[in-house]
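Computed from heavy atoms alone, side chains included, the values below leave out hydrogens, waters and symmetry copies. Predicted model only: the values in this text are computed from it and were never measured. One is the number of the first residue; the rest follow in order along the sequence.
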Amino acid sequence: MGVQFGSFDAICEKAALIICPLVGTDQGIEPQCYSRNVDIGGTLIFQPSTCFVHIVALIMTAIMILHIRSKYTAVGRKEIVMFFWMYAIIELLAMFLDSGIIPTSNVVYPWFAAVYTGLVAATYCCLLINGFVGFQFAEDGTPLSLWFLRISCLLIWGVSFFLAIATFKQFAGFRYSKPIALWIVYILWPLICTAIYIVSQLILVFRTLEDRWPIGDIIFGAAFWTIAQVLLFAFSVTICDAIKHYIDGLFFFTLCMLLSVMMVYKYWDSITREDLEFSVGSKATVWEVKDPLLNSAPMDPSEEDIRSTYNAGGGASLVGGVSGAQMYGGARRYPPSAGY
(Lines give C-alpha, C1' and ligand atoms only; values in the text may rest on other atoms or scores of the structure.)
Protein backbone atom coordinates (compact mmCIF):
# COMPACT_ATOMS: atom_id res chain seq x y z
CA MET A 1 0.00 0.00 0.00
CA GLY A 2 1.40 3.40 -0.97
CA VAL A 3 1.42 6.59 1.03
CA GLN A 4 -2.00 8.22 1.17
CA PHE A 5 -2.68 11.88 1.92
CA GLY A 6 -3.72 12.31 5.55
CA SER A 7 -2.93 8.73 6.56
CA PHE A 8 0.01 7.44 8.60
CA ASP A 9 -0.87 3.76 8.06
CA ALA A 10 1.60 3.03 5.27
CA ILE A 11 4.24 5.31 6.76
CA CYS A 12 4.15 3.87 10.28
CA GLU A 13 4.13 0.30 9.02
CA LYS A 14 7.59 0.97 7.59
CA ALA A 15 9.05 3.61 9.90
CA ALA A 16 9.06 3.70 13.69
CA LEU A 17 8.16 7.36 14.05
CA ILE A 18 7.64 8.98 17.44
CA ILE A 19 3.97 9.72 16.71
CA CYS A 20 3.14 6.23 15.38
CA PRO A 21 2.03 4.78 18.78
CA LEU A 22 -0.52 7.61 19.01
CA VAL A 23 -2.26 7.57 15.61
CA GLY A 24 -4.34 5.14 13.55
CA THR A 25 -5.94 3.15 16.38
CA ASP A 26 -6.07 3.34 20.15
CA GLN A 27 -3.02 1.04 20.17
CA GLY A 28 -1.19 3.01 17.54
CA ILE A 29 0.43 1.56 14.42
CA GLU A 30 3.22 -0.98 14.88
CA PRO A 31 6.00 -1.11 12.27
CA GLN A 32 6.64 -4.37 10.44
CA CYS A 33 10.29 -4.39 11.50
CA TYR A 34 12.20 -2.32 14.00
CA SER A 35 15.59 -2.27 15.68
CA ARG A 36 16.38 -4.58 18.58
CA ASN A 37 16.38 -3.29 22.13
CA VAL A 38 19.06 -3.73 24.77
CA ASP A 39 18.80 -4.22 28.52
CA ILE A 40 20.89 -1.74 30.50
CA GLY A 41 20.60 -2.08 34.28
CA GLY A 42 17.16 -3.58 34.03
CA THR A 43 15.93 -0.84 31.69
CA LEU A 44 15.03 -1.67 28.11
CA ILE A 45 16.55 0.80 25.66
CA PHE A 46 14.92 0.83 22.23
CA GLN A 47 16.75 1.94 19.09
CA PRO A 48 20.22 1.90 20.75
CA SER A 49 22.09 2.62 17.51
CA THR A 50 19.80 5.56 16.74
CA CYS A 51 20.32 6.90 20.26
CA PHE A 52 24.06 6.83 19.63
CA VAL A 53 23.53 9.01 16.54
CA HIS A 54 21.40 11.39 18.64
CA ILE A 55 24.32 11.79 21.06
CA VAL A 56 26.75 12.41 18.19
CA ALA A 57 24.31 14.95 16.75
CA LEU A 58 24.20 16.84 20.05
CA ILE A 59 28.01 16.98 20.19
CA MET A 60 28.33 18.12 16.59
CA THR A 61 25.61 20.73 17.05
CA ALA A 62 27.41 22.14 20.08
CA ILE A 63 30.60 22.46 18.02
CA MET A 64 28.75 24.20 15.19
CA ILE A 65 27.07 26.62 17.61
CA LEU A 66 30.45 27.54 19.12
CA HIS A 67 31.90 28.18 15.66
CA ILE A 68 28.93 30.33 14.68
CA ARG A 69 29.14 32.38 17.88
CA SER A 70 32.85 33.01 17.22
CA LYS A 71 32.03 34.78 13.92
CA TYR A 72 30.97 37.99 15.62
CA THR A 73 30.29 40.07 12.51
CA ALA A 74 29.00 37.40 10.10
CA VAL A 75 25.69 38.06 8.35
CA GLY A 76 22.73 36.25 9.91
CA ARG A 77 24.74 34.88 12.84
CA LYS A 78 22.00 35.34 15.45
CA GLU A 79 19.31 34.02 13.13
CA ILE A 80 21.10 30.83 12.05
CA VAL A 81 22.27 29.96 15.56
CA MET A 82 18.62 29.76 16.62
CA PHE A 83 18.08 27.04 14.03
CA PHE A 84 20.87 24.94 15.51
CA TRP A 85 19.62 25.43 19.07
CA MET A 86 16.20 24.17 18.02
CA TYR A 87 17.75 21.20 16.21
CA ALA A 88 19.68 20.33 19.38
CA ILE A 89 16.48 20.35 21.45
CA ILE A 90 14.80 18.10 18.87
CA GLU A 91 17.67 15.60 19.07
CA LEU A 92 17.55 15.63 22.87
CA LEU A 93 13.80 14.97 22.92
CA ALA A 94 14.08 12.31 20.22
CA MET A 95 16.72 10.47 22.22
CA PHE A 96 14.32 10.10 25.17
CA LEU A 97 11.31 9.25 23.02
CA ASP A 98 12.98 6.86 20.55
CA SER A 99 14.81 4.97 23.29
CA GLY A 100 11.71 4.35 25.39
CA ILE A 101 13.16 6.17 28.39
CA ILE A 102 9.79 7.89 28.27
CA PRO A 103 7.58 4.83 27.60
CA THR A 104 4.76 5.04 25.09
CA SER A 105 2.38 3.81 27.80
CA ASN A 106 3.24 6.72 30.07
CA VAL A 107 0.62 9.46 30.38
CA VAL A 108 3.21 12.14 29.56
CA TYR A 109 4.31 10.51 26.28
CA PRO A 110 1.60 12.21 24.15
CA TRP A 111 2.54 15.59 25.57
CA PHE A 112 6.24 15.13 24.86
CA ALA A 113 5.39 13.82 21.39
CA ALA A 114 3.28 16.92 20.78
CA VAL A 115 6.12 19.17 21.93
CA TYR A 116 8.46 17.28 19.61
CA THR A 117 6.05 17.63 16.68
CA GLY A 118 5.74 21.37 17.28
CA LEU A 119 9.52 21.77 17.49
CA VAL A 120 10.04 19.93 14.20
CA ALA A 121 7.56 22.23 12.44
CA ALA A 122 9.04 25.34 14.10
CA THR A 123 12.60 24.34 13.16
CA TYR A 124 11.64 24.03 9.51
CA CYS A 125 10.00 27.44 9.80
CA CYS A 126 13.25 28.81 11.24
CA LEU A 127 15.20 27.33 8.32
CA LEU A 128 12.72 28.84 5.87
CA ILE A 129 13.05 32.34 7.33
CA ASN A 130 16.84 32.02 7.46
CA GLY A 131 16.70 31.41 3.74
CA PHE A 132 15.53 35.00 3.25
CA VAL A 133 17.95 36.66 5.69
CA GLY A 134 20.57 36.98 2.96
CA PHE A 135 18.19 39.04 0.83
CA GLN A 136 18.20 41.70 3.57
CA PHE A 137 14.47 42.38 3.58
CA ALA A 138 15.21 43.34 7.17
CA GLU A 139 18.73 43.97 8.41
CA ASP A 140 20.05 40.87 10.13
CA GLY A 141 20.67 40.98 13.87
CA THR A 142 18.21 43.84 14.44
CA PRO A 143 15.24 43.48 16.81
CA LEU A 144 12.89 43.48 13.80
CA SER A 145 14.64 40.53 12.20
CA LEU A 146 15.11 38.55 15.41
CA TRP A 147 11.63 39.08 16.83
CA PHE A 148 9.99 38.29 13.51
CA LEU A 149 11.89 34.98 13.50
CA ARG A 150 11.09 34.21 17.13
CA ILE A 151 7.40 35.07 16.91
CA SER A 152 6.98 33.13 13.65
CA CYS A 153 8.62 30.03 15.12
CA LEU A 154 6.60 30.34 18.33
CA LEU A 155 3.39 30.66 16.33
CA ILE A 156 4.17 27.60 14.21
CA TRP A 157 5.14 25.65 17.32
CA GLY A 158 1.92 26.59 19.08
CA VAL A 159 -0.31 25.63 16.13
CA SER A 160 1.54 22.35 15.56
CA PHE A 161 1.52 21.48 19.25
CA PHE A 162 -2.22 22.06 19.47
CA LEU A 163 -2.95 20.01 16.34
CA ALA A 164 -0.79 17.16 17.63
CA ILE A 165 -2.17 16.97 21.16
CA ALA A 166 -5.75 17.47 19.91
CA THR A 167 -5.25 14.54 17.54
CA PHE A 168 -3.67 12.32 20.20
CA LYS A 169 -6.32 13.13 22.83
CA GLN A 170 -9.24 13.39 20.36
CA PHE A 171 -10.73 16.76 21.24
CA ALA A 172 -11.75 19.89 19.31
CA GLY A 173 -13.03 17.69 16.50
CA PHE A 174 -9.71 15.94 15.78
CA ARG A 175 -9.36 12.14 15.62
CA TYR A 176 -6.29 9.95 15.62
CA SER A 177 -8.03 7.72 13.08
CA LYS A 178 -8.05 10.61 10.57
CA PRO A 179 -4.99 12.74 11.40
CA ILE A 180 -5.12 14.92 8.29
CA ALA A 181 -3.98 18.13 10.02
CA LEU A 182 -1.16 16.29 11.78
CA TRP A 183 -0.10 14.71 8.48
CA ILE A 184 0.16 18.16 6.88
CA VAL A 185 2.26 19.47 9.77
CA TYR A 186 4.49 16.41 10.11
CA ILE A 187 4.95 15.32 6.48
CA LEU A 188 3.97 18.09 4.05
CA TRP A 189 5.19 21.20 5.90
CA PRO A 190 8.87 20.05 6.11
CA LEU A 191 8.83 19.26 2.39
CA ILE A 192 7.51 22.73 1.50
CA CYS A 193 10.01 24.55 3.75
CA THR A 194 12.97 22.56 2.46
CA ALA A 195 12.05 23.12 -1.19
CA ILE A 196 11.62 26.88 -0.71
CA TYR A 197 14.89 27.13 1.24
CA ILE A 198 16.87 25.33 -1.49
CA VAL A 199 15.40 27.46 -4.28
CA SER A 200 15.96 30.71 -2.37
CA GLN A 201 19.60 29.86 -1.67
CA LEU A 202 20.27 28.98 -5.29
CA ILE A 203 18.82 32.35 -6.32
CA LEU A 204 20.94 34.07 -3.67
CA VAL A 205 24.15 32.43 -4.87
CA PHE A 206 23.54 33.10 -8.56
CA ARG A 207 22.43 36.72 -8.07
CA THR A 208 24.78 38.02 -5.39
CA LEU A 209 27.88 35.82 -5.18
CA GLU A 210 30.74 35.46 -7.60
CA ASP A 211 31.84 32.21 -5.98
CA ARG A 212 29.84 29.18 -7.10
CA TRP A 213 31.30 26.66 -4.65
CA PRO A 214 28.44 27.12 -2.11
CA ILE A 215 26.16 25.46 -4.68
CA GLY A 216 27.96 22.22 -3.88
CA ASP A 217 27.01 22.58 -0.20
CA ILE A 218 23.37 23.14 -1.18
CA ILE A 219 23.38 20.08 -3.45
CA PHE A 220 24.96 17.83 -0.81
CA GLY A 221 22.56 19.08 1.86
CA ALA A 222 19.54 18.47 -0.36
CA ALA A 223 20.89 15.04 -1.32
CA PHE A 224 21.35 13.97 2.32
CA TRP A 225 17.87 15.21 3.21
CA THR A 226 16.31 13.32 0.28
CA ILE A 227 18.23 10.13 1.05
CA ALA A 228 17.04 10.33 4.65
CA GLN A 229 13.39 10.41 3.59
CA VAL A 230 13.81 7.61 1.04
CA LEU A 231 15.65 5.30 3.43
CA LEU A 232 13.08 5.86 6.18
CA PHE A 233 9.84 5.68 4.22
CA ALA A 234 10.80 3.28 1.43
CA PHE A 235 13.59 0.97 2.57
CA SER A 236 13.34 0.84 6.36
CA VAL A 237 11.83 -2.66 6.45
CA THR A 238 14.28 -3.93 3.82
CA ILE A 239 17.24 -2.62 5.82
CA CYS A 240 15.87 -4.01 9.06
CA ASP A 241 15.36 -7.51 7.63
CA ALA A 242 18.73 -7.53 5.86
CA ILE A 243 20.68 -6.58 9.01
CA LYS A 244 18.61 -8.91 11.24
CA HIS A 245 16.93 -6.17 13.29
CA TYR A 246 20.18 -4.62 14.54
CA ILE A 247 19.37 -1.30 12.86
CA ASP A 248 16.52 -0.03 10.73
CA GLY A 249 15.77 2.91 8.50
CA LEU A 250 15.43 5.27 11.47
CA PHE A 251 19.18 4.95 12.12
CA PHE A 252 20.10 6.05 8.60
CA PHE A 253 17.38 8.71 8.64
CA THR A 254 18.82 10.30 11.79
CA LEU A 255 22.36 10.07 10.44
CA CYS A 256 21.50 11.62 7.07
CA MET A 257 19.51 14.38 8.74
CA LEU A 258 22.57 15.19 10.84
CA LEU A 259 24.68 15.36 7.68
CA SER A 260 22.15 17.64 6.00
CA VAL A 261 22.16 19.98 9.03
CA MET A 262 25.96 20.01 8.92
CA MET A 263 25.77 21.02 5.27
CA VAL A 264 23.48 23.91 6.25
CA TYR A 265 26.25 25.08 8.56
CA LYS A 266 28.91 24.50 5.90
CA TYR A 267 26.89 26.49 3.36
CA TRP A 268 26.27 29.38 5.77
CA ASP A 269 29.95 29.45 6.73
CA SER A 270 31.02 29.52 3.07
CA ILE A 271 28.88 32.53 2.14
CA THR A 272 29.63 34.67 5.20
CA ARG A 273 32.77 36.68 5.83
CA GLU A 274 33.73 38.65 8.90
CA ASP A 275 34.41 42.38 8.83
CA LEU A 276 37.99 42.54 10.14
CA GLU A 277 37.52 46.12 11.32
CA PHE A 278 35.02 45.00 13.95
CA SER A 279 36.13 41.41 14.46
CA VAL A 280 37.24 40.54 17.99
CA GLY A 281 38.11 36.95 17.37
CA SER A 282 41.17 35.34 18.90
CA LYS A 283 42.74 34.27 15.60
CA ALA A 284 45.91 36.11 14.70
CA THR A 285 45.68 38.14 11.51
CA VAL A 286 48.57 38.44 9.12
CA TRP A 287 48.65 41.97 7.74
CA GLU A 288 50.32 42.52 4.38
CA VAL A 289 52.35 45.74 4.02
CA LYS A 290 51.21 47.74 1.00
CA ASP A 291 53.21 51.00 1.53
CA PRO A 292 56.14 51.00 -0.92
CA LEU A 293 58.18 53.14 1.51
CA LEU A 294 57.89 50.43 4.15
CA ASN A 295 58.34 47.62 1.69
CA SER A 296 61.77 48.64 0.31
CA ALA A 297 64.70 46.30 -0.20
CA PRO A 298 66.32 45.00 3.00
CA MET A 299 69.40 46.87 4.24
CA ASP A 300 72.73 45.24 4.84
CA PRO A 301 73.09 44.46 8.59
CA SER A 302 76.47 46.17 8.91
CA GLU A 303 75.17 49.31 7.19
CA GLU A 304 72.09 49.32 9.43
CA ASP A 305 74.24 49.12 12.57
CA ILE A 306 76.45 51.99 11.36
CA ARG A 307 73.43 54.23 10.61
CA SER A 308 71.68 53.59 13.92
CA THR A 309 74.87 53.91 16.03
CA TYR A 310 76.93 56.75 14.59
CA ASN A 311 74.43 58.90 12.73
CA ALA A 312 72.37 60.79 15.27
CA GLY A 313 70.53 62.70 12.62
CA GLY A 314 69.83 59.61 10.52
CA GLY A 315 67.09 57.07 10.79
CA ALA A 316 64.48 57.48 13.46
CA SER A 317 64.40 55.29 16.54
CA LEU A 318 61.38 54.16 18.52
CA VAL A 319 63.39 54.75 21.70
CA GLY A 320 63.09 58.29 22.99
CA GLY A 321 60.34 59.42 20.62
CA VAL A 322 60.23 60.24 16.95
CA SER A 323 63.99 60.45 16.44
CA GLY A 324 66.90 58.89 18.23
CA ALA A 325 68.55 62.30 18.07
CA GLN A 326 66.35 63.36 21.00
CA MET A 327 68.30 61.04 23.28
CA TYR A 328 71.60 60.46 21.55
CA GLY A 329 72.05 63.83 19.79
CA GLY A 330 74.31 66.77 20.52
CA ALA A 331 77.98 66.41 21.52
CA ARG A 332 77.52 63.00 23.13
CA ARG A 333 78.03 60.38 20.50
CA TYR A 334 78.68 56.72 20.84
CA PRO A 335 81.07 55.15 21.20
CA PRO A 336 82.58 57.87 23.45
CA SER A 337 85.84 59.54 22.44
CA ALA A 338 89.08 58.49 24.04
CA GLY A 339 89.22 61.55 26.23
CA TYR A 340 85.78 61.17 27.72
Between Val115 and Phe161, does the side-chain contact (heavy atoms from CB on, under 4.5 Å) criterion hold? Intermediate values first, please. CA-CA 6 Å; Val115 171; Phe161 172 81; 3.7 Å; yes
As a quick check of understanding, evaluate side-chain contact (heavy atoms from CB on, under 4.5 Å) for Ile102 and Leu97, giving each step before the final call. CA-CA 6 Å; Ile102 302 177; Leu97 296 171; 4.2 Å; yes
So do Ile63 and Ile59 actually touch side chain to side chain, heavy atoms under 4.5 Å? yes
For residues 212-221, please give each side-chain donor-acceptor pair under 3.5 Å, one per line with the distance, not counting sequence neighbours.
residue : atom : partner : partner atom : Å
Arg212  : NH1  : Val205  : O            : 3.2
Arg212  : NH1  : Leu209  : O            : 2.3
Asp217  : OD2  : Ser270  : OG           : 3.3

Test disulfide (SG to SG under 2.5 Å) applied to Cys51 - qualifying residues, sequence neighbours left out: none
Pair up each side-chain donor or acceptor in residues 163-181 with any protein partner under 3.5 Å, not counting sequence neighbours, and list the distances.
residue : atom : partner : partner atom : Å
Thr167  : OG1  : Leu163  : O            : 2.6

How far apart are the closest heavy atoms of Thr272 and Val75, and which atoms are they? CG2-O, 3.6 Å
Applying the 4.5 Å side-chain criterion to the ILVMFWY set and letting contacts propagate, would Leu146 and Ile80 be lumped into a single cluster? no
Do you know which two heavy atoms are closest between Trp157 and Leu119, and how far apart they sit? CD1-N, 3.3 Å
Take Cys125 and Cys193 through the disulfide bond (SG atoms under 2.5 Å apart) test and state the conclusion after the steps. CA-CA 7 Å; Cys125 174; Cys193 292; over 6 Å; no
Is it the case that atom CZ in Phe135 sees more than 12 heavy atoms from other parts of the structure closer than 6.0 Å? yes
By disulfide (SG to SG under 2.5 Å), which residues pair with Cys256, not counting sequence neighbours? none
Ile18 and Ala113: which non-hydrogen atoms are nearest, and at how many Å? CG2-CB, 4.1 Å
Rounded to the nearest 0.5 angstrom, the CD1-NZ distance for Ile271 and Lys266 is 11.0 Å
Residue pair Phe224, Met262: steps toward the side-chain contact (heavy atoms from CB on, under 4.5 Å) verdict: CA-CA 10 Å; Phe224 283 130; Met262 291 174 66; over 6 Å; no
What are the two closest heavy atoms between Gly6 and Trp183, and how far apart are they? N-CD2, 3.4 Å
Counting N and O atoms only, with roles assigned by atom type, does the side chain of Thr142 sit under 3.5 Å from a partner on the main chain of Glu139, one being a donor and the other an acceptor? yes
Would one find more than 12 heavy atoms of other residues, nucleotides or ligands at under 6.0 Å from atom CZ of Phe112? no
Determine the minimum heavy-atom distance between His54 and Glu91, stating which atoms define it. ND1-OE1, 2.7 Å
Please answer whether the main-chain N or O of Ile29 pairs with a side-chain N or O of Glu13 as donor and acceptor at a distance below 3.5 Å. no
To the nearest 0.5 Å, atom CG of Asn130 lies from atom OG1 of Thr123 at 11.0 Å
Rounded to the nearest 0.5 Å, how far does CG of Asn37 lie from CG of Leu44? 5.0 Å
Approximate separation, where rounding is to 0.5 Å, of Cys12 SG and Ile19 CD1: 6.0 Å
Does some side-chain heavy atom of Trp225 sit less than 4.5 Å from a side-chain heavy atom of Leu191? yes
Flag the pair Phe235 / Phe252 as yes when at least one side-chain heavy-atom distance between them is below 4.5 Å, and no otherwise. no
Do the side chains of Met86 and Leu93 join up, straight or via other hydrophobic residues, at under 4.5 Å, putting them in one cluster? no
Hydrophobic clusters here meaning ILVMFWY residues chained together by side-chain heavy-atom distances under 4.5 Å, can you tell me if Leu127 and Ile196 are in one? yes
After noting the C-alpha distance and the side-chain angles of Ile239 and Phe251, does the key distance pass the side-chain contact (heavy atoms from CB on, under 4.5 Å) rule? CA-CA 10 Å; Ile239 295 171; Phe251 168 82; over 6 Å; no
Do Gln47 and Thr50 pair up side chain to side chain, a donor and an acceptor below 3.5 Å, judged on atom types alone? yes
Rounded to the nearest 0.5 angstrom, the CZ-SG distance for Arg36 and Cys240 is 9.0 Å
Does atom CZ of Arg69 have more than 12 heavy-atom neighbours, drawn from other residues, nucleotides or ligands, at distances under 6.0 Å? no
Do the non-hydrogen side-chain atoms of Phe8 and Ile187 ever get within less than 4.5 Å of each other? yes
What pair of heavy atoms forms the shortest contact from Ser236 to Ala15, and how long is it? OG-CA, 4.4 Å
Are Phe84 and Ile129 connected into the same hydrophobic cluster when the rule is that any two of I, L, V, M, F, W, Y join if their side-chain heavy atoms are below 4.5 Å apart? no
Counterpart residues, salt bridge (Lys or Arg N to Asp or Glu O under 4.0 Å), relative to Asp269 (two or more places apart): Lys71
Whether Tyr267 and Tyr197 hold their rings parallel, tilted or perpendicular, with breakpoints at 30° and 60°: perpendicular
For the hydrophobic clusters of this structure (ILVMFWY residues joined by side-chain heavy atoms under 4.5 Å, transitively), does one cluster hold both Phe233 and Val237? no
Indicate yes or no: at least one non-hydrogen side-chain atom of Ser145 is less than 4.5 angstrom from one of Leu149. no
Gap between atom NZ of Lys244 and atom OG of Ser35 - 0.5 Å precision: 14.5 Å
Pairing residues for Cys126 by the disulfide (SG to SG under 2.5 Å) criterion, not counting sequence neighbours: none
Check the orientation of Phe132 and Phe137. Use parallel for under 30°, tilted for 30 to 60°, and perpendicular for over 60°. tilted
Would you say Thr61 and Val261 make side-chain contact, with heavy atoms under 4.5 Å? no
Check whether any side-chain heavy atom of Tyr109 sits under 4.5 Å from a side-chain heavy atom of Phe96, and report yes or no. no
Kindly indicate whether the side chain of Tyr87, heavy atoms from C-beta on, has any atom under 4.5 Å from the side chain of Leu258. yes
